[in-house]
Student: 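The following block contains the structure, expressed as structure tokens.
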Amino acid sequence: QVQLVESGGGLVQPGGSLRLSCAASGIRFSLYLMGWYRQSPGKQRELVATISSGLTTFYADSVKGRFTISRDNAKNTVSLQMNSLKTEDMAVYYCNAGGLRSYWGQGTQVTVSS
């Protein structure tokens with residue numbers, strides 16, 4: 001019944017931009033800490049950014065100044081605007097909702113060509 005569905009992934013050149021979106025259902029969305037994680041081949045899943053119910057944001061040092069996380073509680077969506085993309089940003093990006101327990105989306109592929 002709980003679903004997080006990511007969209008917006010695709011192929012982009014280094015220096016380009018991409019906007020990811022995540023639509024949530026089955027949870028009281030406004031109460032959850034929302035986040036984006038990513039996982040590259042051979043690496044652990046890592047935290048990219050979070051946004052709290054009070055709109056406090058956190059960014060990993062590697063994306064600070066380039067990525068922006070936002071949420072729309074009326075639409076039950078969280079987005080990640082990715083600018084100045086680098087090859088090291090290439091990964092599967094996952095949406096996460098954190099509360100008393102955590103929920104995950106299926107992931108969306110971001111490919112940054114060299």
Side-chain angles (χ1 to χ4, degrees):
Q1 62 155 330
V2 177
Q3 280 196 306
L4 303 177
V5 181
E6 301 96 333
S7 62
L11 175 64
V12 66
Q13 294 181 7
S17 296
L18 214 54
R19 185 177 179 88
L20 307 182
S21 294
C22 171
S25 61
I27 59 171
R28 299 292 294 270
F29 180 83
S30 63
L31 302 179
Y32 279 77
L33 176 72
M34 300 302 300
W36 288 95
Y37 291 70
R38 67 187 182 187
Q39 187 166 25
S40 301
K43 296 187 65 178
Q44 293 181 297
R45 189 171 297 187
E46 65 176 346
L47 178 64
V48 176
T50 63
I51 182 166
S52 73
S53 59
L55 304 184
T56 300
T57 57
F58 166 85
Y59 298 93
D61 287 343
S62 59
V63 307
K64 203 169 296 180
R66 300 187 297 119
F67 291 11
T68 303
I69 189 170
S70 60
R71 67 191 294 164
D72 186 338
N73 289 341
K75 296 181 178 180
N76 288 359
T77 59
V78 60
S79 298
L80 185 69
Q81 178 66 46
M82 304 185 295
N83 298 325
S84 302
L85 282 161
K86 306 173 179 179
T87 55
E88 51 259 48
D89 296 318
M90 184 167 59
V92 177
Y93 283 71
Y94 296 90
C95 179
N96 174 265
L100 291 177
R101 66 153 293 173
S102 187
Y103 299 96
W104 294 91
Q106 83 289 349
T108 186
Q109 176 71 52
V110 172
T111 301
V112 185
S113 65
S114 58

Student: Rounded to the nearest 0.5 Å, how far does OG of Ser79 lie from CZ of Arg71?
Tutor: 11.0 Å
Student: Tell me if the CD atom of Glu88 is crowded by more than 12 foreign heavy atoms within 6.0 Å.
Tutor: yes
Student: Return the set of residues passing side chain to side chain contact (heavy atoms under 4.5 Å, CB included) with Ser52 (not counting sequence neighbours), or none when no residue passes.
Tutor: Leu33, Thr56
Student: For Asp89 versus Arg38, what's the shortest heavy-atom pair and its separation?
Tutor: OD1-NH1, 2.9 Å
Student: Quick one: pull up CG in Asn96 and OG1 in Thr50 and give me the separation to the nearest 0.5 Å.
Tutor: 9.5 Å
Student: At their closest point, which heavy atom of Pro14 faces which heavy atom of Thr87, and how far apart are they?
Tutor: CG-CG2, 4.1 Å
Student: Of the non-hydrogen atoms in Thr77 and Phe29, which two are nearest, and what is the gap between them?
Tutor: O-CZ, 3.4 Å
Student: Test Lys64 against Asp61 for salt bridge (Lys or Arg N to Asp or Glu O under 4.0 Å), laying out the working first.
Tutor: CA-CA 5 Å; Lys64 203 169 296 180; Asp61 287 343; 3.0 Å; yes
Student: What is the distance from atom OG of Ser40 to atom CZ of Arg45, rounded to the nearest 0.5 Å?
Tutor: 11.5 Å
Student: For the atom pair OG1 (Thr57) and CE (Met34), what is the distance rounded to the nearest 0.5 Å?
Tutor: 14.5 Å
Student: Which other residues belong to the hydrophobic cluster containing Val5, where Ile, Leu, Val, Met, Phe, Trp and Tyr are joined when side-chain heavy atoms lie under 4.5 Å apart, directly or via other members?
Tutor: none
Student: May I ask you to check if Arg28 and Tyr32 form a cation-pi contact, with NZ or CZ under 6.0 angstrom from the six-membered ring centre and within 45° of the axis?
Tutor: no
Student: Among residues at least two apart in sequence or on other chains, which ones pass side chain to side chain contact (heavy atoms under 4.5 Å, CB included) with Val110?
Tutor: Leu18, Leu20, Met82, Tyr93, Val112
Student: Examine Arg66 relative to Tyr59 and say whether NZ or CZ is less than 6.0 Å from the centre of the six-membered ring and inside a 45° cone about the ring axis.
Tutor: no
Student: Can Ser17 and Asn83 be said to form a side chain to side chain contact (heavy atoms under 4.5 Å, CB included), step by step?
Tutor: CA-CA 4 Å; Ser17 296; Asn83 298 325; 2.9 Å; yes
Student: Does anything in residues 18-112 form a disulfide bond (SG atoms under 2.5 Å apart)? List the pairs, not counting sequence neighbours.
Tutor: Cys22-Cys95
Student: Specify the closest pair of heavy atoms between Gln109 and Ala91, including all atoms of both residues, with the distance to one decimal.
Tutor: NE2-O, 3.4 Å
Student: Rounded at 0.5 Å granularity, tell me how far OG in Ser25 sits from CD in Gln1.
Tutor: 8.5 Å
Student: Looking at Ser70 and Arg19, what are the two nearest heavy atoms and their distance?
Tutor: OG-NH2, 3.7 Å
Student: Where is the tightest heavy-atom contact between Ile27 and Ala24, given as atom of each residue plus distance?
Tutor: CD1-CB, 4.3 Å
Student: Tell me every residue that passes side chain to side chain contact (heavy atoms under 4.5 Å, CB included) with Ser30, counting only those two or more places apart in sequence or in another chain.
Tutor: Asn73
Student: Quick check against the 3.5 Å criterion: does Glu6 have a side-chain atom that pairs as donor or acceptor with the backbone of Gly107?
Tutor: yes
Student: Checking Val78 against Ile69 for the side chain to side chain contact (heavy atoms under 4.5 Å, CB included) test, could you report, in this order, the C-alpha distance in whole Å, the side-chain angles of both residues, the deciding distance, and whether it holds?
Tutor: CA-CA 7 Å; Val78 60; Ile69 189 170; 3.9 Å; yes
Student: Should Trp36 and Val2 be counted in the same cluster of Ile, Leu, Val, Met, Phe, Trp and Tyr side chains packed under 4.5 Å apart?
Tutor: yes
Student: Hydrophobic side-chain clustering at under 4.5 Å (ILVMFWY, transitive links): who's grouped with Trp104? Put none if nobody.
Tutor: Tyr37, Leu47, Phe58, Val92, Tyr94
